[in-house]
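Protein chains get the first letters and strands the later ones, always in sequence-line order, with residue 1 at the start of each. Computed from heavy atoms alone, side chains included, the values below leave out hydrogens, waters and symmetry copies.
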Protein chains: 2
Amino acid sequence: MARAGLTAARVVEAAADLADDVGFENVTVSALARQFGVKDASLYSHVKNVQDLRTRVALLAGGEMIDRIGVAVAGRAGKDALVAFANAYRAYALERPGRYAATQIRIDPAVVAESSVFRRTAEVTYGMLRGYGLSEPDLTDAVRLLRSTFHGYCGLEASGGFGAPRGVQTSWERALDALHVLLEHWPRDETKAA
Amino acid sequence: MARAGLTAARVVEAAADLADDVGFENVTVSALARQFGVKDASLYSHVKNVQDLRTRVALLAGGEMIDRIGVAVAGRAGKDALVAFANAYRAYALERPGRYAATQIRIDPAVVAESSVFRRTAEVTYGMLRGYGLSEPDLTDAVRLLRSTFHGYCGLEASGGFGAPRGVQTSWERALDALHVLLEHWPRDETKAA
DNA sequence: GCGCAAACCTAGGACTGTTAGGTTGCAGCT
DNA sequence: AGCTGCAACCTAACAGTCCTAGGTTTGCGC
């Protein structure tokens with residue numbers, strides 16, 4: 001019988017595609033094996049367990065996402081950069097819902113440490129804010145606020161949390177306007193508290 | 001044999017407690033039955049299926065949460081109200097992580113329509129913003145931004161998303177300062193777009 | 001063409017979700 | 001006290017999922 005030609009990378013990518021199709025919480029070892037026309041047990045040569053599989057999908061998605069964002073913000077500054085970052089973020093979340101959901105799971109700190117995804121994400125995010133002239137610790141606070149807002153907005157949008165008729169796209173643009181104003185009027189931390 | 005005295009409400013409450021203990025995604029029919037010293041099948045007299053169980057936990061948690069928030073913001077306005085709302089929100093998320101996680105699941109719109117939780121949530125949230133003098137559609141945009149930010153912040157905090165040493169509590173307070181400034185400088189929608 | 005590592009399989013155990021249908025305890029009525 | 005009915009609870013069974021242990025095959029490098 002012809003072999004499926006499985007490989008760790010191929011399995012993870014298929015899992016990511018499956019997540020976009022049926023939702024991240026529904027990517028199961030069995031379903032994945034079915035896609036390849038292979039028995040469940042065969043996947044365990046390439047992936048330790050479901051936990052491991054999900055972590056890998058998360059890292060794949062996180063890498064793809066920050067790459068797209070990085071391209072979008074390249075050569076931009078100030079509000080231009082903010083909007084480009086935010087729109088690339090949201091576009092990814094809407095286009096690849098399963099992969100985006102994967103990026104939200106808790107990941108083992110040991111894995112985080114040896115992956116480049118988080119470093120790149122931090123670099124791009126801090127870089128985007130460069131034009132606003134913030135310095136630590138305000139910078140960290142601002143990054144956290146922005147991440148929270150993007151994360152929260154896309155999460156609520158994806159889960160149908162916005163019931164009112166007002167257009168979600170319009171609200172998003174308004175939110176970006178507001179965040180831009182906010183970054184320009186950022187209440188500076190006089191106390192330099194740690 | 002002495003009966004456990006199960007009831008739909010009691011089952012749901014136990015499920016919520018279990019969620020706070022072991023995480024919402026780990027509340028399972030079997031585990032719940034074990035807690036009551038009862039067979040799995042017995043629970044199906046009180047709850048349609050896991051989906052139904054989770055939805056009920058979500059509604060319970062959502063109700064508890066908005067009640068606590070409502071008490072916190074009562075009699076306050078402006079920044080006072082904003083801070084009270086936000087702190088009550090975050091406190092609930094931190095104290096009852098399982099219940100809070102439950103509030104984030106997607107809920108059948110039919111259920112949403114006939115539950116009072118969402119109406120109350122909207123009332124309290126819009127009420128909190130009254131002092132800032134916003135009017136529609138800016139009001140809806142601001143509500144969405146705030147909800148997203150709180151939701152996103154607590155989600156990231158709970159999943160360990162804040163790696164840097166800067167205190168999470170301090171960043172939170174700074175974020176509230178910033179949001180207050182933002183609401184006072186809200187970029188008005190001149191076009192009255194829908 | 002031989003060997004070996006990787007790819008894939010069979011078999012099976014443990015847990016979870018769910019249904020169908022049976023039994024039993026308890027409240028209230030007579 | 002005895003009956004009755006309903007709700008609480010049970011047994012039995014099946015399907016799906018995760019995972020392990022150990023066996024077989026395929027294809028690539030020599």
Side-chain angles (χ1 to χ4, degrees), chain A residues 1-60 98 101-102 105-108 110-111, chain B residues 1-60 98-99 101-102 104-108 110-111:
Chain A
M1 197 198 315
R3 305 218 151 182
L6 295 195
T7 225
R10 225 168 303 208
V11 166
V12 171
E13 185 145 355
D17 289 343
L18 186 61
D20 287 330
D21 259 23
V22 303
F24 183 63
E25 74 281 4
N26 291 109
V27 7
T28 174
V29 177
S30 318
L32 201 50
R34 231 157 4 218
Q35 293 245 325
F36 282 114
V38 143
K39 297 295 173 184
D40 297 15
S42 306
L43 295 183
Y44 288 87
S45 317
H46 308 284
V47 150
K48 277 229 312 279
N49 48 37
V50 224
Q51 166 90 14
D52 180 40
L53 175 65
R54 297 192 167 170
T55 300
R56 287 177 192 240
V57 172
L59 291 179
L60 169 71
I105 66 171
R106 176 170 211 127
I107 293 188
D108 180 26
V111 176
Chain B
M1 194 197 312
R3 306 217 150 181
L6 295 195
T7 226
R10 225 168 301 206
V11 166
V12 171
E13 184 143 356
D17 290 342
L18 185 61
D20 288 329
D21 258 23
V22 303
F24 183 63
E25 72 283 4
N26 292 107
V27 6
T28 176
V29 177
S30 317
L32 200 50
R34 235 163 356 228
Q35 293 246 325
F36 282 114
V38 143
K39 297 295 171 182
D40 297 14
S42 305
L43 294 183
Y44 287 88
S45 316
H46 308 284
V47 150
K48 276 231 310 282
N49 47 37
V50 224
Q51 166 90 16
D52 180 39
L53 175 65
R54 297 193 167 167
T55 300
R56 287 179 194 236
V57 173
L59 291 179
L60 169 70
R99 287 167 206 246
Q104 303 185 22
I105 65 172
R106 176 172 210 124
I107 293 187
D108 180 25
V111 175

To the nearest angstrom, how far is A/Asp40 atom CG from C/dG12 atom C1'? 13 Å
Send over the distance from A/Phe36 CZ to C/dA6 C1', rounded to a whole Å. 16 Å
Heavy-atom side-chain proximity of B/Leu6 to B/Val38 below 4.5 angstrom: yes
Under a 4.5 Å cut-off applied to non-hydrogen side-chain atoms, are B/Val111 and B/Leu59 in contact? yes
When you check the phosphate oxygens OP1 and OP2 of D/dT17, does a side-chain N or O of A/Arg34 lie under 4.0 Å from one of them? yes
Expressed in angstrom and rounded to an integer, what is the separation of A/Leu6 atom CG from D/dG27 atom P? 14 Å
Could you state the atom-to-atom distance from CG of A/Asp52 to P of D/dC18 in whole Å? 14 Å
With the side chain defined as heavy atoms from C-beta on, B/Tyr44 is closest, among C/dT10, D/dA8, C/dT19, to C/dT19
Just the rounded figure in Å: distance from P of C/dG17 to CZ of B/Arg54. 7 Å
Does D/dC18 have OP1 or OP2 under 4.0 Å away from a side-chain N or O of A/Ser30? yes
For D/dC10, does either OP1 or OP2 sit under 4.0 Å from a side-chain N or O belonging to B/Ser42? yes
Do the side-chain N or O atoms of A/Ser45 get closer than 4.0 angstrom to the phosphate oxygens (OP1, OP2) of C/dC8? no
In whole angstroms, the gap separating P of D/dC18 from NE2 of A/His46 amounts to 16 Å
Is the closest side-chain heavy-atom distance between B/Asp17 and B/Arg99 below 4.5 Å? yes
Is the closest side-chain heavy-atom distance between B/Val29 and B/Val50 below 4.5 Å? yes
Picking from C/dA7, D/dT11, D/dT17, the nucleotide nearest the side-chain atoms of A/Thr28 would be D/dT17
Shortest side-chain distance from A/Val38, nucleotide among D/dC18, D/dA8, C/dC9: C/dC9
To the nearest angstrom, the CG-C1' distance between A/Leu43 and D/dT17 comes to 13 Å
Reckon B/Asn49 touches a base, only the sugar-phosphate, or nothing at all at heavy-atom distances under 4.0 Å? sugar-phosphate
Do B/Leu53 and B/Leu32 have side chains that get closer than 4.5 Å, going by heavy atoms? yes
Nearest to side-chain heavy atoms of A/Ala41, which nucleotide of C/dA7, D/dA8, C/dA11: C/dA11
Distance in angstrom units between B/Glu25 CD and C/dT16 P, rounded: 14 Å
